[in-house]
Structures are given as structure tokens and as C-alpha cells.
Amino acid sequence: MDIHEYQAKEILAEYGVKIVDGGLAYSPEEAVQRAREVNSNTWVVKAQIHSGARGKAGGIKICKTHDEVEIAAEELLGKKIVTHQSGPTGKICSRVYIEAGTDIAKELYLCFLVDRGSECIVMIGSAQGGVEIEKLAETDPKSIHKIYIEPAVGLQDFQARTMVFALGLETTQLLTHGVKTIRGCYRALRDLDANMLEINPLVVTKSNELVALDAKMSFDENALFRRHKIAELRDKTQGNDREIAAADHGLSYVGLNGDIGCMINGAGLAMATMDMIKLVGGEPANFLDVGGGASAERTEKAFRLVLADKNIKALLVNIFAGINRCDWIAEGVIQALKNIDMKITLVVRLSGTNVALGRQIITESGLPIIMAETLAEAAEKVVQARNEVVARGY
């Protein structure tokens with residue numbers, strides 16, 4: 001789960017990271033009032049969307065008067081901002097953050113993230129901030145420094161100092177501020193079950209202070225049940241509608257660019273099914289794991305979720321029943337089809353507990369469902385059905 005810049009900054013401030021004075025606004029009038037409350041000669045109006053590279057997309061504007069702040073807010077609020085991270089669909093800006101201007105002497109980069117490969121938390125830093133870290137990794141990889149932190153041990157003082165020196169913060173004041181900032185960031189990541197925390201840029205001001213000028217945080221959704229205050233920060237307007245709806249129903253859904261819908265139980269089986277569809281020449285439209293408790297009601301919700309994608313030309317249901325039972329799944333599929341006016345081809349593959357009874361229930365239902373016994377057969381049949389639809393020009 002991602003949060004907005006202003007929310008991440010509020011969290012970091014609680015952990016001792018210095019931020020710039022600012023305030024949130026939902027209208028041009030509020031933006032002017034926030035500017036009046038911030039003691040500064042210049043202000044920065046920032047679009048609050050879940051995407052980086054806002055500056056290049058016109059989402060960050062520097063203003064020298066209150067009138068300019070009002071005009072900037074009018075231009076940003078309600079606007080769709082398209083960045084290379086948001087994709088062509090873009091993100092709608094529904095709020096702006098008004099921040100005091102900063103005299104920048106130097107821009108740095110600092111990031112903490114969970115590295116599943118090493119099973120550690122990796123701290124990443126560079127003395128070249130304010131740029132896209134991906135491009136920097138390609139053009140000047142030696143400028144990026146990584147320090148691996150063992151979760152059972154935690155961040156050590158020498159690791160914080162090592163990163164501070166790598167960032168070029170060698171004066172006594174900046175050394176102290178740098179270590180404090182790194183410790184605060186690490187504690188925020190650890191205490192709140194975050195899986196990514198990025199400050200880009202982390203700036204040294206002309207008054208020799210270290211300030212987080214931008215901030216991003218992403219949290220482990222599987223831990224939100226114990227982080228109620230973090231869960232309340234979710235902005236559903238910034239997410240994919242189907243992915244948000246799936247999360248509300250306890251389903252794991254990720255939209256893709258293909259046109260073959262997938263409804264599967266188990267993340268591993270879902271990945272294998274998507275691979276098999278691609279192997280036989282198709283493109284999956286989604287990843288959907290309905291989980292182990294695929295009741296009739298849950299199955300119908302999953303059907304509606306997948307079919308909300310109007311690009312889908314065929315649908316594959318692939319269920320391996322363990323704790324669940326194939327006859328329950330079959331009854332759920334039939335009930336869903338009776339309640340939904342589905343006009344695309346449905347291929348069903350059942351395996352596991354009570355599989356014979358499940359197949360019998362579907363066969364005797366009289367519904368136009370194509371049955372398959374193996375995953376390979378199911379993938380071939382659903383791709384064939386999709387190709388027939390395309391050949392007819394639909």
C-alpha cells in the first residue's frame with residue numbers, strides 16, 4: 001500500500017527526520033491559506049499523487065506570490081497527471097501540498113527497502129540525489145552505495161556512519177544530523193511494517209541542515225491488520241478500481257494487459273496458469289487468487305471482478321481443491337453464471353477433492369461451460385476460444 005508524500009513526511013517527522021513546513025489543501029482557497037500560514041517568501045505547490053517524476057509532468061510548481069499559489073492549485077486540482085510511473089492512464093490530483101521554499105546547497109538520495117533475495121533490509125544511498133535512481137544505476141553505478149542490515153540485529157551505528165560518509169556529509173553538524181536521519185528512517189520502516197522508504201531528494205540546505213524534501217513509503221498489506229493508523233492512510237482514488245475492490249473482498253487481484261481472464265485458487269497455481277497461457281500463445285488479463293475458501297458468494301464476487309475488465313474475450317477457471325471441495329466450487333460457478341449475464345467463453349478445470357462429483361455437477365447443469373482435465377488442455381482451450389472471438393472481429 002502506497003501513501004502520499006505529505007503522509008510519509010508526517011510519519012518521518014515523528015521519528016526525528018527534519019521536514020519543511022507545509023500544509024495540505026483541497027481547493028485553491030485553502031492553498032492560499034496554507035501559504036499564508038507558512039512563513040516563507042516562496043512556496044512550492046505539489047500535486048499529491050501516488051507516482052514519482054511529478055516535476056517532469058508539471059505536478060510541482062514554484063510560486064513567489066499568493067496569487068501564483070492560487071493559480072498553481074487551480075491548474076493541478078482535478079487534473080490527470082501522467083508520468084512514466086503512472087502509465088498512460090495517469091493519476092487524478094485531488095489534493096495539493098503547499099510547502100515553504102528551500103535554499104538547496106546539495107541533493108542526496110536515501111532509501112531503505114526489504115530485499116527478499118538477501119533476506120535483509122538494504123540501505124541505499126547516493127551523493128547524487130534529485131534524479132531517477134534507475135537511470136543513475138545505469139549511467140554511474142559506482143555512485144550508488146548499498147549497506148545490508150540484518151533484521152535480527154538491526155541498524156548498527158557504524159553502518160549509519162558509513163552511509164553518512166558515503167553521502168559526503170563530513171562536517172560534525174551534518175554527520176550528527178545524517179546519523180539521526182538514518183536511524184529515524186530505519187525505525188519508521190521497522191516499526192510500521194513498511195517495505196520501502198525513499199527520500200529523493202534528501203537535501204543539505206545553505207544553512208547546513210539536512211532536510212527530507214520529498215518522501216515515499218510503501219507498506220506490506222499483509223500487516224495492515226495490526227497497523228490500523230497506517231491502513232487509514234489509504235487513498236482509494238489513487239489505486240486500480242478492480243484491485244481496490246478485490247482487496248475489500250479479501251481477494252488478491254492484479255490487472256494485466258492481456259485479454260484472457262483468470263480465476264484461480266493459490267498464488268503458485270495462478271503463476272503457473274499464467275505461464276501456461278503465455279506458452280500456448282495467449283496473454284492473461286489478470287492475476288486473481290480467490291484463496292482457499294472459495295464459497296459460492298466469493299466465487300461470484302471473483303467472477304464479477306474479472307468480468308469488469310471489458311477487454312476480456314475468454315475466461316479460465318482453474319481450481320485445485322484441497323481443504324475446499326470441487327463440488328462446492330462447481331456449485332459456486334453455476335450459481336455465479338445464473339446471476340451474471342456472461343457472454344464470453346468459460347473454460348473450467350477442476351482437480352483435487354471430489355473432482356468427479358464437481359465435473360458431474362457442471363456437466364449436468366446444461367450451461368455452456370468447456371471442461372478440461374489438465375492445465376495444458378485448459379490453457380489451449382481458452383486460448384483457442386479467445387482466438388475465435390478475435391477472428392470474428394469482436
Side-chain angles (χ1 to χ4, degrees), residues 85 87-89 114-119 134 195 220-222 239-240 242-243 245-247 249-294 298-299 301-326 329-330 332-333 336 342 344-353 355 358-359 362 369-391 394:
Q85 292 185 15
T89 56
V114 176
D115 180 38
R116 303 190 186 282
S118 64
E119 299 182 357
E134 297 84 1
N195 50 32
D220 185 350
E221 294 198 1
N222 294 313
N240 178 282
R242 290 190 295 277
E243 292 180 10
H249 292 302
L251 303 170
S252 297
Y253 177 95
V254 178
L256 302 173
N257 296 323
D259 54 12
I260 296 176
C262 303
M263 197 181 91
I264 306 153
N265 71 324
L269 183 59
M271 297 299 291
T273 303
M274 292 163 62
D275 287 345
M276 186 61 73
I277 289 173
K278 290 182 70 70
L279 186 64
V280 295
E283 287 290 337
N286 64 272
F287 168 98
L288 174 60
D289 175 13
V290 297
R298 190 180 180 88
T299 301
K301 289 176 182 177
F303 265 104
R304 293 187 182 277
L305 185 67
V306 174
L307 295 175
D309 184 350
K310 302 305 179 183
N311 294 324
I312 289 180
K313 296 178 173 59
L315 175 60
L316 171 60
V317 175
N318 184 17
I319 302 293
F320 181 85
I323 299 175
N324 220 324
R325 292 173 18 182
C326 286
I329 299 296
V333 169
M342 192 169 77
I344 62 174
T345 301
L346 173 62
V347 177
V348 176
R349 181 247 180 176
L350 301 177
S351 181
T353 307
V355 62
R359 291 173 180 169
I362 289 180
I369 300 174
I370 299 174
M371 296 295 298
E373 293 191 6
T374 67
L375 174 54
E377 180 188 358
E380 289 174 356
K381 287 184 175 181
V382 77
V383 170
Q384 181 182 352
R386 176 264 177 199
N387 291 341
E388 290 174 355
V389 171
V390 173
Y394 294 152

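Numbers for residues simply follow the sequence, beginning at 1.
Residues Val389 and Ile344 have side chains not in contact (no heavy-atom distance under 4.5 Å, counting atoms from C-beta outward). Between Leu256 and Met274 there is a side-chain heavy-atom pair separated by less than 4.5 Å.
Residues passing the side chain to side chain contact (heavy atoms under 4.5 Å, CB included) test with Ala285, sequence neighbours excluded: Asp309, Ile312. Shown here are the salt bridge (Lys or Arg N to Asp or Glu O under 4.0 Å) partners of Arg386, two or more places apart in sequence or in another chain: Asp259. Under the rule for a side chain to side chain contact (heavy atoms under 4.5 Å, CB included), the partners of Glu283 that lie at least two apart in sequence or sit in another chain are Lys278. Glu377 is linked by a salt bridge (Lys or Arg N to Asp or Glu O under 4.0 Å) to Lys381, counting only residues two or more places apart in sequence or in another chain. For the side chain to side chain contact (heavy atoms under 4.5 Å, CB included) test, residues two or more places apart in sequence or in another chain that qualify with Leu279 are Met276. Contacts of Asn311 classified as side-chain hydrogen bond (donor to acceptor under 3.5 Å, both in side chains), with partners at least two apart in sequence or in another chain: none.
To the nearest 0.5 Å, atom CG of residue Asn318 and atom OG1 of residue Thr273 are 4.0 Å apart. In this structure, Asn265 CG and Ile329 CD1 are separated by 6.5 Å, a value rounded to the nearest 0.5 Å. Taking CZ of Arg349 as the start and SG of Cys326 as the end, the distance is 9.0 Å to the nearest 0.5 Å. With rounding to the nearest 0.5 angstrom, the CG atom of Leu346 is 9.5 Å from the CE atom of Met371. Rounded to the nearest 0.5 angstrom, Ile264 CD1 and Leu288 CG are separated by 7.5 Å. To the nearest 0.5 angstrom, Met342 atom CE is 6.0 Å from Leu307 atom CG.
Residues Leu315 and Phe303 approach most closely at CD2-CE2, 3.3 Å, considering heavy atoms. Here the shortest heavy-atom pairing between Leu350 and Ala330 reads CD1-CB, 4.4 Å. When every heavy atom of Asp289 is checked against every heavy atom of Ala267, the shortest pair comes out as OD2-N, 3.4 Å. What you find for Ala270 and Phe287 is that their closest heavy atoms are CB-CE1, 3.5 Å.
The main-chain N or O of Gly261 is never found under 3.5 Å from a side-chain atom of Asn286 such that the two would form a donor-acceptor pair.
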task = Any chance you could lay out the side chain to side chain contact (heavy atoms under 4.5 Å, CB included) test for Val280 and Val382, step after step, and finish with the verdict?
result = CA-CA 10 Å; Val280 295; Val382 77; over 6 Å; no
inquiry  = side chain to side chain contact (heavy atoms under 4.5 Å, CB included), that's the test. Do Val317 and Ile369 meet it? Break it down for me.
reply    = CA-CA 10 Å; Val317 175; Ile369 300 174; over 6 Å; no
